[in-house]
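Just so you know, residue 1 is the first one in the sequence shown, and it goes up from there. Read the numbers this way: they start at 1 and go in the same order the structure lists the ligands and their atoms.
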Amino acid sequence: MATTTLKCIILAILFVAITPQLLIHAQQKVPCIFPFGDSLFDNGNNNNLLTLLKADYSPYGIDFVYGVNGRFTNGFNIPDILAQLLGFLNGVPPNRAGGGSNTVLRGVNYASGGAGILDETSLQLGQQIPMNQQLKNHQVNIGRIATILGNQTAADHLLRQCLYTVDMGNSDYVNNYYALPLTLTRILYSPESFAEKLIHEYSQQLTTLYNLQARKVAVFGLQPLGCIPRELFLYPPKGTACVDFINDAVRLFNTKLISLVRHLNTNLPGANFTYINTYGILSGNFAATLGIKVPNASCCEVNKITGLCVQDGAVCSNRDEYTYFDDYHLTQIVANYTTSRAYIAQTQSDAFPVDIQTLIQAQ
Ligand SMILES: *[C@@H]1O[C@H](CO)[C@@H](O)[C@H](O)[C@H]1NC(C)=O
Ligand SMILES: *[C@@H]1O[C@H](CO)[C@@H](O)[C@H](O)[C@H]1NC(C)=O
Ligand SMILES: *[C@@H]1O[C@H](CO)[C@@H](O)[C@H](O)[C@H]1NC(C)=O
Ligand SMILES: *[C@@H]1O[C@H](CO)[C@@H](O)[C@H](O)[C@H]1NC(C)=O
């Protein structure tokens with residue numbers, strides 16, 4: 001009896017210790033993935049925070065294999081789908097889940113709903129984890145990685161091979177600059193000077209990431225925020241499908257972000273930053289391509305104060321025919337479409353200078 005139990009335990013340990021690693025290493029196209037970002041990338045980091053910006057209740061996750069989980073969509077989000085394309089079948093865990101185990105070597109998701117490039121963005125909606133804090137959390141995990149691998153040199157070597165994805169800025173516009181009632185930010189800054197201020201700060205943050213050994217970095221540009229149901233509700237357009245002045249402001253930021261990516265690649269030795277043209281991918285005729293029938297209204301019943309789904313509220317049954325699940329966030333089908341074009345560009349303008357499939361092959 002005792003011997004059998006012992007054998008079982010030994011077999012179990014061998015199974016856990018050897019088999020998954022062999023499988024994982026055979027399939028993974030990069031050793032590790034570290035997503036940074038806002039609610040488009042969050043996979044549960046806000047669940048334990050005191051904030052209005054949470055998605056840890058039904059109907060969020062209605063199409064997700066494990067149900068409600070904190071993702072701001074009905075199913076998988078962009079980092080999940082990208083992770084799957086890279087051979088990480090279960091994605092990478094939220095940083096909230098804590099480090100300490102060897103899983104930190106495969107990557108951690110730092111993204112937080114409402115998070116901005118600016119620390120003050122979304123603060124009035126409660127706690128979130130802005131980009132500056134996400135970078136600090138990453139530094140803590142780098143310490144753990146160095147401990148696990150034995151020294152900093154080994155940690156740095158690993159960190160240079162990882163894929164980093166960053167999706168920032170959407171909240172700085174939606175929850176800050178274009179929030180109503182009129183914000184001080186909008187009074188003090190023109191769209192041009194606000195974009196400039198964000199890019200200045202973002203430049204420092206992305207350089208910090210580089211200094212923490214990140215080399216392969218995919219930076220996602222802003223979506224056409226003037227088309228999200230939230231802005232259509234706050235600024236009803238007259239005779240146009242989207243709020244044009246918001247899309248103009250977004251394009252101003254994106255143009256500066258492309259220049260920043262070019263600048264970082266030129267000035268930081270060995271850096272491979274790439275820009276993902278989320279705006280372009282989500283413009284044009286993508287809705288027709290996907291069979292989307294409702295591009296301008298949310299699938300779930302929303303609370304008009306927060307723009308998020310009402311807890312246990314009504315939800316559409318034909319979720320694959322909607323662009324947006326709530327007033328801000330893409331449905332799984334559109335997240336999947338965006339990610340597939342970020343990974344393998346369909347047109348020259350989908351990614352600059354390279355798509356993610358090419359990025360991960362950089363030496
Ligand atoms: C760091 O650790 C690796 C093994 O993980 C070892 O090969 C290497 O010699 C160590 N380097 C230093 C500087 O201690
Ligand atoms: C990565 O950056 C180097 C310069 O640092 C450049 O020569 C190379 O073409 C880049 N590779 C990719 C895939 O972008
Ligand atoms: C969505 O688009 C349809 C068709 O163009 C239009 O009739 C409807 O008013 C729009 N809804 C919103 C919320 O903008
Ligand atoms: C994403 O789209 C591809 C086809 O383009 C499909 O094979 C895959 O199942 C989709 N994944 C999800 C999560 O919808």
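In this structure, Tyr110 and His138 have perpendicular ring planes: the angle between them is above 60°, well past the 30° mark.
Residue Gln84 does not touch ligand 4, judged by heavy-atom distances below 4.0 Å.
Taking the ring centre of Tyr210 as origin, the terminal cationic atom of Arg215 falls inside the region bounded by 6.0 Å and 45° from the ring axis. Relative to the ring axis of Tyr164, Lys216 does not place its NZ or CZ within 45° and under 6.0 Å from the centre.
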Tell me which donor-acceptor pairs under 3.5 Å the side chains of residues 282-291 have, and how far apart each pair is, sequence neighbours excluded?
unit_1 : atom_1 : unit_2 : atom_2 : d
Ser283 : OG     : Tyr279 : O      : 2.6
Thr289 : OG1    : Asn285 : O      : 2.9

N/O donor-acceptor pairs under 3.5 Å from side chains in residues 82-89, not counting sequence neighbours:
none

Could you go through residues 354-363 and list every donor-acceptor pair under 3.5 Å that involves a side-chain atom there, pairing it with any protein atom two or more places apart or in another chain?
unit_1 : atom_1 : unit_2 : atom_2 : d
Asp355 : OD1    : Thr358 : N      : 3.0
Asp355 : OD1    : Thr358 : OG1    : 2.6
Asp355 : OD2    : Ala345 : N      : 3.0
Gln361 : NE2    : Gln357 : O      : 3.4
Gln363 : NE2    : Gln361 : O      : 3.3

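Counting heavy atoms from C-beta outward, Asn47 and Lys54 have side chains that stay 4.5 Å or more apart.
Per-residue contacts place Gln332 under 4.0 angstrom from the following atoms of ligand 4 (heavy atoms of the residue considered): 13 (C), 14 (O). Per-residue contacts place Asn336 under 4.0 angstrom from the following atoms of ligand 4 (heavy atoms of the residue considered): 1 (C), 2 (O), 3 (C), 8 (C), 10 (C), 11 (N), 12 (C), 14 (O). Short contacts between ligand 4 and Phe76, defined as distances under 4.0 Å to a heavy atom of the residue, involve ligand atoms 13 (C). Proximity to Leu149 (heavy-atom distance under 4.0 Å) selects the following atoms of ligand 1: 5 (O).
Checked against Phe220 for a ring-ring contact (aromatic ring centres under 6.0 Å, His included), the options Tyr275, Phe41, Tyr202, Phe36 give a single hit: Phe41.
The immediate protein surroundings of ligand 3, defined as residues with any heavy atom under 4.0 Å of it, consist of Asn296.
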Please walk me through it: do Phe72 and Tyr328 pass ring pair (Phe, Tyr, Trp, His ring centres under 6.0 Å)?
CA-CA 9 Å; Phe72 291 79; Tyr328 309 89; 8.8 Å; no

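The shortest N or O to N or O distance between Asn151 and ligand 1 is under 3.5 Å.
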